Amino acid sequence: MTNYTSDLLRLLEERGHIHQVTDPEALDALAAKEIVTAYVGFDPTAPSLHVGNLASIMLLRRVQQAGHRPIVIMGGGTAKVGDPSGKDETRQMLTDEKLASNIASIQGSFEQILRFDDSETGAVLVNNDDWLSKLGYIELLRDVGKHFTINRMLTFDSVKLRLDREQPLTFLEFNYMILQAYDFLKLSRDYNCRVQLGGSDQWGNIVNGIELGRRIDGSELYGVTGPLVTRSDGAKMGKSVSGAIWLNEAQLPAYDFWQYWRNMDDRDVGRFLRLFTDLPLDEIARLEKLEGSEINAAKVVLANEVTALVRGKDAAAAAEATASATFAGGGMGEDLPTLELPAEGMALAAICTAIGFTQSNGEAKRKLAEGAVRLDGEVVNDPARIVTLGAGQSLKLSLGKKRHGILGSGLIRATT
């Protein structure tokens, strides 16, 4: 452990958020003597962020908890270009209207996790399209582009990996690192922002911004990256068998979000409690020492804490109550994902896909053939079986031991 003197770097290190820091001694001294402004950028390519983005959001939460000011950049401008980092192909281009809709939808997640007010440490949300869309092409080339050499740009992983795989990298994407660097310069000028935060895959982009600020304005800027967060089973954060683990309720019911954390590998409990919750470190140390069936109690704590942070305390309580009713009492909790069947009924394979248990009817047929699907506790394996219900009737649909849903007729709520 590094002996940091600032609350900011000490908190980030204690919670496992630090992978790399540019000039850690200077940043530590700066954060110890004054309020520092730090930012993270998020490109609004979907109507919700997912669990893979949560580590970066938590970086901003830690900034605020340590008495500093976080800035959220919504990449309405950079999303029109597309970050090539970690991507094998060019992103689909989104319209201005779709980007605006996504930003409006995503904003609620930040308002749940960060404090937005007019105080010195109140969070700020800005859209980089406000300045990037106003840049003249020749102006950008002359004032900013001259500080980037093609030789160096070709060495960055985001570019090098695509070229090594002989996968196309458009000139549009090649410019992404220049625009992100300009973001840092702009925030430094307008908000006295001194720090950019991000995942480890953003290191090259962050360093570019630091150097651009130094070359043009003589600014002393800093970067902090968090480690790439993966699960011990090798799966990427934010992904599950049934799809992305979205932060927004509209994209993923709270019960499914809660279950994602409840089903974590035993080896991940302590690490994720530090990264994604505000529980005291001594309590986390106690929980991660639990063994055997007792570790399940720690997983419930993890699920409750993360769900309460992202969705609210009521959502966490409802999800836990549903889990208790489903697993302990054999009942059908009210917060389970539900699907209203049409009067003529629906084929079982189609039901599994419509409720979100499988990604396709082909996958549903395989699960049925394996005997993994049950209706009210009884194994069913005929994908063509038509399930019909009378008015007000309901059935519990299960896939394996951990995924459950309600099929109903005349249900008020129907989510997938």
Side-chain angles (χ1 to χ4, degrees), residues 48 50-52 231 233-266 268-269 272 295-296 299-300 302-304 306-307 310-311 315-316 318-341 346-383 385 387 389 394-408 411 413-416:
S48 172
H50 56 72
V51 165
R231 291 162 38 179
D233 60 8
K236 289 180 65 175
M237 288 297 293
K239 300 290 184 181
S240 72
V241 173
S242 58
I245 305 301
W246 301 106
L247 301 189
N248 283 16
E249 178 73 23
Q251 280 68 45
L252 185 74
Y255 175 77
D256 287 342
F257 184 84
W258 189 93
Q259 277 292 123
Y260 174 78
W261 298 98
R262 167 61 181 81
N263 294 333
M264 279 296 171
D265 189 295
D266 295 1
D268 291 327
V269 172
F272 289 170
I295 193 66
N296 290 329
K299 293 181 183 181
V300 170
L302 174 64
N304 283 338
V306 181
T307 304
V310 175
R311 301 292 184 86
E320 184 182 14
T322 294
S324 178
T326 302
F327 296 109
M332 297 193 293
E334 294 181 358
D335 202 36
L336 288 175
T338 67
L339 179 69
E340 182 176 358
L341 300 185
M346 186 182 293
L348 197 51
I351 287 173
C352 291
T353 302
I355 204 169
F357 286 3
T358 55
Q359 293 293 293
S360 66
N361 286 355
E363 182 188 354
K365 290 177 181 179
R366 290 193 297 274
K367 295 297 183 182
L368 285 158
E370 294 168 1
V373 180
R374 300 184 308 282
L375 276 175
D376 270 0
E378 294 187 8
V379 174
V380 287
N381 49 33
D382 180 5
R385 173 177 171 176
V387 179
L389 294 172
S394 63
L395 288 172
K396 183 167 78 170
L397 178 73
S398 303
L399 175 64
K401 296 180 178 180
K402 296 179 179 179
R403 291 190 64 79
H404 306 275
I406 301 172
L407 307 180
L411 290 169
R413 179 173 62 92
T415 58
T416 57

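None of these values were measured; they are calculated from a predicted model. Note that the numbering runs from 1 along the sequence shown for the chain.
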Side-chain donor/acceptor of [X] to backbone N/O of [Y], under 3.5 Å:
{"X": "Thr322", "Y": "Ala318", "value": "yes"}
{"X": "Arg385", "Y": "Ala349", "value": "no"}
{"X": "Lys299", "Y": "Met264", "value": "yes"}

Can you tell me how far the [atom1] atom of [X] sits from the [atom2] atom of [Y], to the nearest 0.5 Å?
{"X": "Leu302", "Y": "Tyr260", "atom1": "CG", "atom2": "OH", "answer": "10.0 Å"}
{"X": "Leu397", "Y": "Leu407", "atom1": "CG", "atom2": "CG", "answer": "5.0 Å"}
{"X": "Met237", "Y": "Phe272", "atom1": "CE", "atom2": "CZ", "answer": "4.0 Å"}
{"X": "Ile245", "Y": "Asp256", "atom1": "CD1", "atom2": "CG", "answer": "7.5 Å"}
{"X": "Leu399", "Y": "Glu363", "atom1": "CG", "atom2": "CD", "answer": "8.0 Å"}

Residues in side chain to side chain donor-acceptor pair (under 3.5 Å) contact with [X], at least two apart in sequence or another chain:
{"X": "Arg311", "value": "Glu249"}
{"X": "Asn361", "value": "Thr353"}
{"X": "Asn296", "value": "none"}
{"X": "Asp382", "value": "none"}

Min side-chain heavy-atom separation [X]-[Y] under 4.5 Å:
{"X": "Arg262", "Y": "Val300", "result": "yes"}
{"X": "Asn304", "Y": "Trp261", "result": "no"}
{"X": "Val310", "Y": "Val51", "result": "no"}
{"X": "Phe257", "Y": "Gln251", "result": "no"}
{"X": "Ile351", "Y": "Phe357", "result": "no"}
{"X": "Arg231", "Y": "Asp265", "result": "no"}

State, to 0.1 Å, how close [X] and [Y] come at their nearest heavy-atom pair, and which atoms those are.
{"X": "Ala354", "Y": "Leu339", "value": "CB-CD2, 3.8 Å"}
{"X": "Ala364", "Y": "Cys352", "value": "CB-CB, 3.8 Å"}
{"X": "Trp258", "Y": "Ala323", "value": "CZ3-CB, 3.5 Å"}
{"X": "Val380", "Y": "Leu368", "value": "O-CD2, 3.4 Å"}
{"X": "Ser398", "Y": "His404", "value": "OG-ND1, 2.8 Å"}

Non-neighbouring partners of Lys365 that pass salt bridge (Lys or Arg N to Asp or Glu O under 4.0 Å), sequence neighbours left out: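 With sequence neighbours excluded, Lys365 shows a salt bridge (Lys or Arg N to Asp or Glu O under 4.0 Å) to no residue whatsoever.
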
With Asn381 via side chain to side chain contact (heavy atoms under 4.5 Å, CB included) - residues at least two apart: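 With neighbours one apart ignored, the set is empty.
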
